[in-house]
Amino acid sequence: MLLGVIADDFTGATDIASMLAKNGMRTVQTVGVPQAGDPPAADAVVVALKSRTIPAAEAVAQSLAALDWLLAQGARQIVFKYCSTFDSTDEGNIGPVADALLDRLGGIAVVCPAFPANKRTIYRGYLFVGDVLLSESSMKDHPLTPMTDPSLVRVLARQVREPGSVGLVGHETVAQGAMAISTALAALARQGKRLAVVDAVADGDLRAIGAAIADAPLLTGGSGIAMGLPDNFRRLGLLEEAGAATLEVPEGRAAVLAGSCSAATRGQVAAVAAAWPTLRLDPLELAAGRQSAGGVVAWAAAQDPGRPVLIYSTAEPEAVRAAQDSLGRERAAAVLEEAFAAVAAGLVAGGVRRMVVAGGETAGAVVGGLGLDALTIGPEIDPGVPWVQATGGSGLCLALKSGNFGGEDFFAKAFVTLA
Ligand code: ADP
């Protein structure tokens, strides 16, 4: 293994894993810190934690466990991956985790969540989302991590052990390229800085930063910061030329499980519902025992194996509200998530080998229900959403999509991408 990544949530982990795979690294994503077993055969391993909003001490402990495991597997460089909108609070968790990782690894670490393709840019240390400052974007109203200060230097200074340990490398330096950036980082380190927010407004900036930090033991940022890293290993002769990530797709049936009710998924369900064998999961029917996972799996097995089956709970807001009024919001969600997890397991047991899952929580439930612990990253369907393949065992291929993601033809496009 060349590169180890510690990611603070699952979809963020997939995002950076896809970026690395696209740039020619064989990449595996693990679900939490692997307990045992053979180390994955990969150039980069992304450990997906769920540490974004848990208490800071727990986030630190989990991140250090991930670090120990990655170092034991031979990782030469570590990335701490968080969201490109720097999702955190004054209590953490980005600062405390970065401090703890630096205590182990030493050096000065860049802080660069910029991702220009997704309109996240940093200038003078201020984070922009599209045309507005972070603090003017919808992130100001986030239920768990409201971002009301756009200055990453200030936000981080409130989170770290020593407020004075955060510096800035401005765009006038970044624009001069890798040499200038590494010189500036070395100067900051001599001043006692441990973290350096680095401006980036374009992909070229991210590639220059990547080249400048080839020797840094730790770097931190969003998935954009990973863009330049594969080339560093290539220059050292440790990585072959970039080839497209491919998967060996086993023979088997195809299925779509849609548990998201967001607008994009509603359109995607409607786009294929008439063409593919389709079954609607109803939380009220499930709760009453009139629908069951076993029944759904038996229905799927009886369908034409030449077409994907679509199993969805996707519904319009009025129907969702009616189910929630009757069962309670949490119970409605729990009934469906349990059903999707059991249906997914039943489908795989019945020979499904390609499965698209729509909905972040739904995808989490399915990955849990299938007991998956590591996923090899394959070709991208749309930016940030790759096919992934369960390592070992069935060779099941999965596309895990957050609800609001993708165009109306996403489901059909996904299966074409894998073919
Ligand atoms: P998204 O990525 O769009 O947020 P999620 O899967 O994360 O999708 O969240 C959708 C939530 O809504 C899940 O907890 C799911 O179980 C629940 N849900 C799905 N369909 C219905 C429905 N018909 N009625 C009530 N809740 C639903």
Side-chain angles (χ1 to χ4, degrees), residues 8-15 18 31 48 50 52-53 83-85 87 118 138-139 141-145 255-273 278-293 295-296 309-347 355-370 372 381-386 388 398-408 410-411 414:
D8 70 354
D9 90 333
F10 191 87
T11 46
T14 308
D15 194 7
S18 193
V31 184
K50 263 178 128 177
R52 183 168 295 166
T53 55
C83 189
S84 62
T85 43
D87 302 21
N118 285 355
S138 62
M139 280 305 296
D141 302 315
H142 191 281
L144 300 175
T145 51
V256 174
L257 303 183
S260 159
C261 298
S262 57
T265 302
R266 296 206 303 270
Q268 289 154 358
V269 166
V272 296
T278 296
L279 186 145
R280 188 169 78 87
L281 278 183
D282 184 328
L284 297 170
E285 296 291 297
L286 282 165
R290 288 189 293 270
Q291 260 187 342
S292 69
V296 174
V309 292
L310 168 67
I311 297 162
Y312 70 98
S313 68
T314 309
E316 298 295 321
E318 311 81 72
V320 172
R321 254 192 310 275
Q324 289 176 340
D325 287 346
S326 170
L327 297 172
R329 178 191 296 258
E330 280 179 14
R331 174 134 165 77
V335 160
L336 282 167
E337 284 170 29
E338 275 165 34
F340 275 118
V343 166
L347 290 177
M355 190 185 284
V356 177
V357 186
E361 294 298 325
T362 308
V366 165
V367 167
L370 293 172
L372 303 178
I381 304 161
D382 272 326
V385 184
V388 299
L398 284 161
L400 307 168
K401 169 193 102 72
S402 78
N404 240 333
F405 191 87
E408 205 160 89
F410 182 89
F411 295 154

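These values consider heavy atoms only, across backbone and side chains, with no hydrogens, waters or symmetry-generated copies. Just so you know, ligand 1 is whichever comes first in the structure, and atom 1 is the first atom listed for that ligand.
Applying the salt bridge (Lys or Arg N to Asp or Glu O under 4.0 Å) test to pairs two or more places apart or on separate chains, none has a residue in residues 398-408. The list of side-chain hydrogen bond (donor to acceptor under 3.5 Å, both in side chains) pairs with a residue in residues 279-288, not counting sequence neighbours, reads Arg280-Asp282, Glu285-Arg290. For residues 311-324, the set of pairs meeting the side-chain hydrogen bond (donor to acceptor under 3.5 Å, both in side chains) definition, not counting sequence neighbours, comprises Arg266-Glu316.
Leu370 CG to Leu398 CG: the interatomic distance, rounded to the nearest 0.5 Å, is 6.5 Å. The CG atom of Leu400 sits 10.5 Å away from atom OG1 of Thr362, with the distance rounded to the nearest 0.5 Å. Between the OG1 atom of Thr265 and the CZ atom of Phe411 there is a distance of 6.0 Å, given to the nearest 0.5 Å.
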Can you list every pair where an N/O of ligand 1 is under 3.5 Å from an N/O on the protein?
{"unit_1": "ligand 1", "atom_1": "2 (O)", "unit_2": "Gly360", "atom_2": "N", "d": "2.9"}
{"unit_1": "ligand 1", "atom_1": "2 (O)", "unit_2": "Gly403", "atom_2": "N", "d": "2.8"}
{"unit_1": "ligand 1", "atom_1": "3 (O)", "unit_2": "Ser260", "atom_2": "OG", "d": "2.7"}
{"unit_1": "ligand 1", "atom_1": "3 (O)", "unit_2": "Ser262", "atom_2": "OG", "d": "3.4"}
{"unit_1": "ligand 1", "atom_1": "6 (O)", "unit_2": "Glu361", "atom_2": "N", "d": "3.4"}
{"unit_1": "ligand 1", "atom_1": "6 (O)", "unit_2": "Thr362", "atom_2": "N", "d": "3.1"}
{"unit_1": "ligand 1", "atom_1": "6 (O)", "unit_2": "Thr362", "atom_2": "OG1", "d": "2.6"}
{"unit_1": "ligand 1", "atom_1": "7 (O)", "unit_2": "Gly360", "atom_2": "N", "d": "3.2"}
{"unit_1": "ligand 1", "atom_1": "7 (O)", "unit_2": "Glu361", "atom_2": "N", "d": "2.7"}
{"unit_1": "ligand 1", "atom_1": "14 (O)", "unit_2": "Glu337", "atom_2": "OE2", "d": "2.5"}
{"unit_1": "ligand 1", "atom_1": "16 (O)", "unit_2": "Ala333", "atom_2": "O", "d": "3.4"}
{"unit_1": "ligand 1", "atom_1": "20 (N)", "unit_2": "Ser313", "atom_2": "O", "d": "3.3"}
{"unit_1": "ligand 1", "atom_1": "20 (N)", "unit_2": "Ser313", "atom_2": "OG", "d": "2.8"}
{"unit_1": "ligand 1", "atom_1": "23 (N)", "unit_2": "Ser313", "atom_2": "O", "d": "2.9"}

